[in-house]
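Index from 1, following the sequence. Both counts, for ligands and for their atoms, begin at 1 and track the order of listing.
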Amino acid sequence: MMKVTIQPNHLEGEIVIPPSKSISHRAVIAASMASGYSKLENIVFSKDIIATCDAMQDFGINVNTYPGRVDIISDGHLRAPIHPVQCNESGSTLRFLVPFGGLVDKPVVFSGKPSLMSRPLSPYFDIFNKQGIRYEYRAKMPLLVEGELKPGIYEVPGDVSSQFITGLMFALPSLKEDSQIVVTSPLESKQYVDITMDVLKTFGVEIINHNYEHFTIKGGQRFTPHNFRVEGDYSQAAFWIVAGLLDGDLTLKDLSAQSLQGDKAILEICKSMGGKIIEETSQASQASQATQTSNLHILKSETHGTVIDGSQCPDIVPVLAVLAALSEGETKIINASRLRIKESDRLKAIATELSKLGADITEADDGLIIQGKTSLKGGIVDSWNDHRIAMSLAVASLRCEGEVIITNSSAIDKSYPHFFQEFKRVGGIISEN
Ligand SMILES: O=C(O)C1=C[C@@H](OP(=O)(O)O)[C@@H](O)[C@H](O)C1
Ligand SMILES: C=C(OP(=O)(O)O)C(=O)O
């Protein structure tokens with residue numbers, strides 16, 4: 001596992017934001033379900049996206065990868081994989097594909113790194129128990145699913161992960177009769193469900209949303225192939241936005257101004273903290289649809305503390321904690337308990353590592369309390385093998401007095417393999433060893 005050493009410095013220049021990982025997973029899966037040829041453009045082959053491409057290949061779909069592009073040729077039918085579907089560390093891959101185990105005629109085994117196979121799956125097990133679907137599972141071990149998914153009412157809690165709802169939304173439209181997903185507690189990460197429905201619509205599948213309390217899914221729907229360009233990722237843009245506010249002058253390109261991504265909230269949160277973000281919107285024709293793209297100019301700013309609700313945008317919380325640690329006054333991050341069930345316990349990880357750098361940050365049950373400082377000391381920190389912790393710590397280094405060494409920094413490969421290259425290109429002083 002690699003480590004990086006970063007010397008504090010000012011960042012300046014242009015960054016083309018990588019494509020949304022969430023939308024890329026969905027586009028690969030939807031195109032795989034469609035009979036015909038789909039061309040997906042603007043794809044970065046992070047480990048998570050590779051896991052989804054390989055998994056669909058295991059389900060018998062012809063997934064051809066080229067630099068920056070995926071071509072999918074499918075007859076719209078899944079076949080039972082002959083060996084375990086390797087989901088690596090990708091929660092999305094595992095949770096989006098488990099219901100497909102109930103669409104094929106043989107048992108399917110899903111495997112992954114122990115850290116993935118210990119993330120919650122119980123909402124699926126409750127469904128399998130009701131539907132008489134056999135499963136075998138022990139924490140950290142592969143999961144076996146055998147049985148037929150039947151149309152009906154699917155009850156799912158709203159506060160474990162929205163990824164269960166997305167997974168069901170991919171599988172249920174192919175069943176013969178109609179189904180309903182009933183959300184049994186207020187839904188968190190709502191906008192991830194919006195982007196699922198949006199991608200499904202693009203690929204010809206309609207789902208009706210009744211106020212995020214239940215969803216109606218007509219059976220017998222067919223996915224239609226589509227050529228699709230993936231828009232920029234606001235969860236990844238968040239690192240550069242905070243970097244720019246701490247010590248930069250950055251221009252970020254390829255973000256959609258009308259994006260449905262929940263992590264677009266980064267803009268309003270940072271502006272409410274006093275961040276100088278200038279949005280320049282222009283019309284662009286992307287593949288078949290005309291969209292508005294934003295260029296964002298991010299300028300070094302004096303920011304102040306606030307209250308941040310993490311329930312709808314969990315992935316940007318770690319980097320917002322970095323901004324808060326370097327903003328005047330107190331910040332409270334609330335409703336963020338699900339950060340504890342991601343690649344690491346992200347509340348504990350970011351609190352522990354930022355404290356090592358000299359931040360004043362304490363963990364609460366469902367959030368963080370942070371007293372801001374003007375600078376941090378620097379030191380040796382660890383990524384907890386979590387990409388968002390590694391990138392957040394790299395951003396924190398910009399306002400440290402001494403160097404920052406991040407161990408297990410190759411965790412970034414999960415979502416943003418060229419993050420450190422980009423960091424260096426805009427002026428970061430990094431050595432890798
Ligand atoms: O559907 C998605 O693409 C995702 C949903 C979110 O998970 P939860 O719904 O578990 O919060 C998010 O944290 C994850 O990185 C990606
Ligand atoms: C939690 C994440 O992804 P996943 O759930 O797909 O592993 C993430 O990218 O931060």
Side-chain angles (χ1 to χ4, degrees), residues 18-30 44 46-52 55 87-98 110 112-113 115-124 156-170 183 185-200 212 230-231 233-236 238-239 259-263 265 309-320 335-347 349-350 366 383-392 411-417 419:
S20 160
K21 173 164 79 82
S22 292
I23 297 176
S24 304
H25 282 300
R26 287 160 171 80
V28 170
I29 297 168
V44 162
S46 60
K47 283 190 170 172
D48 282 10
I49 295 304
I50 293 171
T52 290
C87 302
N88 202 357
E89 290 185 288
S90 173
S92 299
T93 309
L94 177 65
R95 292 182 180 140
F96 295 172
L97 301 186
V98 161
F110 294 91
K113 294 265 174 73
S115 60
L116 172 65
M117 300 315 286
S118 38
R119 288 173 66 187
L121 287 167
S122 57
Y124 280 149
V156 184
D159 59 350
V160 183
S161 170
S162 69
Q163 293 171 341
F164 301 109
I165 295 174
T166 291
L168 291 169
M169 285 179 168
F170 280 119
V183 189
S185 55
L187 181 59
E188 296 181 11
S189 287
K190 279 195 182 94
Q191 278 138 307
Y192 286 103
V193 173
D194 290 337
I195 58 177
T196 304
M197 288 190 295
D198 192 53
V199 172
L200 284 171
Y212 302 97
V230 181
E231 68 183 46
D233 192 323
Y234 276 96
S235 323
Q236 308 295 32
F239 297 104
S259 178
L260 295 176
Q261 295 174 55
D263 286 351
D309 183 337
S311 61
Q312 303 300 336
C313 52
D315 292 357
I316 57 175
V317 165
V319 78
L320 281 169
N335 298 330
S337 50
R338 79 164 57 186
L339 266 86
R340 297 196 187 278
I341 51 173
K342 302 287 180 188
E343 289 83 329
S344 69
D345 174 343
R346 287 184 174 158
L347 295 180
I350 200 71
D366 74 340
S383 74
W384 294 43
N385 202 29
D386 185 326
H387 54 137
R388 301 205 191 274
I389 301 300
M391 293 188 276
S392 299
I412 59 156
D413 293 347
K414 186 174 190 289
S415 68
Y416 199 163
F419 174 80

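- Between I23 and Q261, the closest heavy-atom pair is CD1-NE2, 4.2 Å.
- Proximity to D315 (heavy-atom distance under 4.0 Å) selects the following atoms of ligand 1: 12 (C), 13 (O), 14 (C), 15 (O).
- Side-chain contact, T93 with T52: a donor N or O sits under 3.5 Å from an acceptor N or O.
- At a 4.0 Å heavy-atom cut-off, ligand 1 does not touch E188 at all.
- We find that K47 and E89 are not joined by a salt bridge, their nearest charged nitrogen and carboxylate oxygen being 4.0 Å or further apart.
- Using a 4.0 Å cut-off between heavy atoms, R346 contacts ligand 2 through its side chain alone, with no backbone atom that close.
- Between the side chains of D233 and S235, at least one donor N or O sits under 3.5 Å from an acceptor N or O.
- Looking only at heavy atoms of the protein, atom 4 (P) of ligand 2 is closest to G91 N, 3.5 Å.
- Residues L168 and V156 are in side-chain contact: their nearest non-hydrogen atoms beyond the backbone lie under 4.5 Å apart.
- A salt bridge is absent between K414 and D386: the closest approach of a Lys/Arg side-chain nitrogen to an acidic carboxylate oxygen does not fall below 4.0 angstrom.
- Atoms of ligand 2 found under 4.0 Å from any heavy atom of D315, numbered from 1 in the order shown, are 8 (C), 10 (O).
- The shortest N or O to N or O distance between S162 and ligand 1 is under 3.5 Å.
- The R338 neighbourhood of ligand 1 comprises atoms 8 (P), 9 (O), 10 (O), 11 (O), with distances under 4.0 Å to a heavy atom of that residue.
- Close to ligand 2: R119, with a non-hydrogen atom less than 4.0 angstrom away.
- Taking every non-hydrogen atom of K21 and a distance limit under 4.0 Å, the qualifying atoms of ligand 2 come out as 3 (O), 6 (O), 8 (C), 9 (O).
- Given atom 7 (O) of ligand 1, the protein heavy atom at minimum distance is K342 NZ, 3.1 Å.
- Of the heavy atoms in F96, only side-chain atoms (C-beta onward) come closer than 4.0 Å to ligand 1.
- Nearest to atom 10 (O) of ligand 2 among the protein's heavy atoms is R388 NE, 2.6 Å.
- Of all atoms in ligand 1, listed by their number and element, those nearer than 4.0 Å to a heavy atom of S22 are 2 (C), 3 (O), 16 (C).
- For a threshold of 3.5 Å applied to N or O pairs, the pair formed by Y192 and ligand 1 contains no separation below that value.
- Counting the atoms of ligand 1 from 1 in the order shown, those under 4.0 Å from a heavy atom of P314 are 11 (O), 13 (O).
- The OH atom of Y124 sits 8.0 Å away from atom CG of L94, with the distance rounded to the nearest 0.5 Å.
- Short contacts between ligand 1 and S189, defined as distances under 4.0 Å to a heavy atom of the residue, involve ligand atoms 8 (P), 9 (O), 11 (O).
- Remark: ligand 1 and T166 share no N or O pair separated by less than 3.5 Å (distance only, no angle test).
- We find that D315 and R388 are joined by a salt bridge, their nearest charged nitrogen and carboxylate oxygen being less than 4.0 Å apart.
- Within the 4.5 Å cutoff, side-chain heavy atoms of V98 are placed close to those of F110.
- Each of the following atoms of ligand 2 lies closer than 4.0 Å to a heavy atom of H387: 8 (C), 9 (O), 10 (O).
- Using a 4.0 Å cut-off between heavy atoms, R95 makes no contact with ligand 2 at all.
- Numbered from 1 in the order shown, with element, the atoms of ligand 2 that lie under 4.0 Å from a heavy atom of Q163 read 4 (P), 5 (O), 6 (O).
- Contact between R26 and ligand 1 is present, with at least one heavy atom of the residue lying under 4.0 Å from the ligand.
- One distance of note links CD of E188 with OG of S162; it measures 9.5 Å at 0.5 Å rounding.
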Chi angles and distances behind the side-chain contact (heavy atoms from CB on, under 4.5 Å) call for R338, S189: CA-CA 10 Å; R338 79 164 57 186; S189 287; 3.3 Å; yes
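- The ligand atoms of ligand 2 that sit less than 4.0 angstrom from a heavy atom of K342 are 1 (C).
- Residue M117 holds its CE atom at 6.5 Å from SG of C87, rounded to the nearest 0.5 Å.
- Within ligand 2, the atoms closer than 4.0 Å to a non-hydrogen atom of K414 are 3 (O), 4 (P), 7 (O), numbered from 1 in the order shown.
- Only the backbone of E89 comes within 4.0 Å of ligand 2, judged by heavy-atom distances.
- Inspection of the T196 and T166 side chains reveals an N or O donor paired with an N or O acceptor under 3.5 Å.
- The S161 neighbourhood of ligand 1 comprises atoms 8 (P), 9 (O), 10 (O), with distances under 4.0 Å to a heavy atom of that residue.
- For atom 1 (C) of ligand 2, the nearest non-hydrogen atom of the protein is E343 OE1, 3.1 Å.
- Proximity of I412 to P417: side-chain heavy atoms (C-beta onward) are nowhere separated by under 4.5 Å.
- The protein non-hydrogen atom at the shortest distance from atom 16 (C) of ligand 1 is Q163 NE2, 3.6 Å.
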Chi angles and distances behind the side-chain contact (heavy atoms from CB on, under 4.5 Å) call for H25, S90: CA-CA 10 Å; H25 282 300; S90 173; 3.6 Å; yes
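- Residue R388 has no nitrogen or oxygen atom sitting less than 3.5 Å from a nitrogen or oxygen atom of ligand 1, judged on distance alone.
- In terms of N/O distances under 3.5 Å, ligand 1 is not approached by K21.
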Chi angles and distances behind the side-chain hydrogen bond (donor to acceptor under 3.5 Å, both in side chains) call for S46, D48: CA-CA 5 Å; S46 60; D48 282 10; 5.8 Å; no
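- Ranking the protein heavy atoms by distance from atom 6 (O) of ligand 2 puts S92 OG, 2.6 Å first.
- Between Y192 and Q163 there is no side-chain heavy-atom pair separated by less than 4.5 Å.
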